[in-house]
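For reference, the structure is listed below as structure tokens.
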Amino acid sequence: QVQVTESGGGLVQAGDSLRVSCAASGRTFKNYAVGWFRQPPGKDREFVAGLRWNTEITVYADSIKGRFSIARDNAKNAVVLQMNSLKPEDTAVYYCAASDAIVRLSSQEEYQSWGQGTQVTVSS
């Protein structure tokens, strides 16, 4: 299984943009699905966005549609999550996950490999 590592989190102000990246190691993301999830303070982890590497099919949570976008970075064998117009409620630990056997991109249970997470904090 591919291993994943997140990077790019940080502290920003409301309205700013931030990009987080999920890098693959051990193998490429070919034939994999990659998902971004987040866990706000004191809440359960939730789906943010997902992408199928081969077809570039994407799915987004309603809460971030129009503000976030997920895409491949072929040169770096990574999947990036571009986050625009950030809000304080976007504050969370952001996790990347990957699997080569996904039916539903939004289903946490179907992902096999998880990263350690990267903190994103949005101040008001």
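Quantities reported herein were computed from a predicted structural model and do not represent experimental measurements. Heavy atoms only: backbone and side chains are in, while hydrogens, waters and symmetry mates are out.
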- [ ] Report yes or no: does Q3 contribute a side-chain atom to a donor-acceptor pair with the main-chain N or O of Q1 at less than 3.5 Å?
- [x] yes
TODO: May I have all residue pairs that pass side-chain hydrogen bond (donor to acceptor under 3.5 Å, both in side chains) and include part of residues 70-81, sequence neighbours excluded?
DONE: R72-N74
Task: A78 versus S21, closest heavy-atom pair with distance - done: CB-OG, 3.7 Å
Open item on the list: Just so I know, are the side chains of Q82 and F68 near enough to count as touching, which here means a heavy-atom distance under 4.5 Å?
Closed with: no
Open item on the list: Per the salt bridge (charged side-chain N to carboxylate O under 4.0 Å, His left out) rule, what does the pair list look like for residues 102-124, sequence neighbours excluded?
Closed with: none
- [ ] State, with a plain yes or no, whether a side-chain heavy atom of F47 is found less than 4.5 Å away from one of Q108.
- [x] no
Task: Heavy-atom pair of closest approach, residues A49 and L81 - done: CB-CD1, 4.1 Å
Open item on the list: Are R52 and Y32 packed together at the side-chain level, in the sense that at least one heavy-atom pair is separated by less than 4.5 angstrom?
Closed with: no
Open item on the list: Test your reading of the model: is there a side-chain donor-acceptor pair from R38 to the backbone of A92, 3.5 Å cut-off?
Closed with: no
- [ ] Mind checking the OG-CD spacing from S106 to E46? Nearest 0.5 Å is all I need.
- [x] 12.0 Å
Task: Salt bridge K87-D90, side-chain N to carboxylate O under 4.0 Å - done: no
Open item on the list: According to ring pair (Phe, Tyr, Trp, His ring centres under 6.0 Å), does anything in residues 101-124 pair up with another residue at least two apart or in another chain? List the pairs.
Closed with: F37-Y111, F37-W114
Open item on the list: Working note: Q112 + S99, criterion side chain to side chain donor-acceptor pair (under 3.5 Å); need CA distance, chi angles, decisive distance, verdict.
Closed with: CA-CA 5 Å; Q112 300 156 329; S99 176; 3.2 Å; yes
Task: Side-chain heavy atoms of T28 within contact of V2, under 4.5 Å - done: no
Task: Main-chain N/O of V20 paired to E6 side chain as donor or acceptor, under 3.5 Å - done: no
Open item on the list: Has S17 got a side-chain atom pairing as donor or acceptor with N84's backbone, closer than 3.5 angstrom?
Closed with: no
Task: Contact list for residues 57-99, test disulfide bond (SG atoms under 2.5 Å apart), sequence neighbours left out - done: C22-C96
Open item on the list: So does G9 get a backbone contact from the side chain of R19, meaning a donor-acceptor N/O pair under 3.5 Å?
Closed with: no
Task: Student check: side-chain heavy atoms of W36 and V79 closer than 4.5 Å - done: yes
- [ ] Would you give the length of the straight line joining atom OH of Y95 to atom CZ of R45, rounded to the nearest 0.5 angstrom?
- [x] 6.5 Å
Task: Non-hydrogen atoms of L105 and I57 that approach each other most closely - done: CD1-O, 4.2 Å
TODO: Give, for atom CD1 of I64 and atom CZ of R67, the distance between the pair rounded to the nearest 0.5 Å.
DONE: 7.5 Å
- [ ] Kindly give the heavy-atom pair with the smallest separation between V4 and A98, and that separation in Å.
- [x] CG1-CB, 3.9 Å
Task: All pairs passing disulfide bond (SG atoms under 2.5 Å apart) where residues 48-78 contributes a residue, at least two apart - done: none
TODO: Go through the structure and list residues passing salt bridge (Lys or Arg N to Asp or Glu O under 4.0 Å) with K43, not counting sequence neighbours.
DONE: none
- [ ] With the side chain counted from C-beta on, respond yes when V120 and M83 share a heavy-atom pair under 4.5 Å apart, and no when they do not.
- [x] yes
TODO: Return yes if some donor-acceptor pair links the side-chain N/O of T91 with the main-chain N/O of V122 below 3.5 Å, else return no.
DONE: yes
- [ ] Find out whether Y60 and I70 are in side-chain contact, i.e. whether some heavy atom of one side chain is under 4.5 Å from a heavy atom of the other.
- [x] yes
Open item on the list: One pair to check against side-chain contact (heavy atoms from CB on, under 4.5 Å): V34 and F29. What are the steps and the verdict?
Closed with: CA-CA 8 Å; V34 179; F29 276 138; 3.7 Å; yes
TODO: Would you please say whether a donor-acceptor pair under 3.5 Å links the side chains of T121 and Q119?
DONE: yes
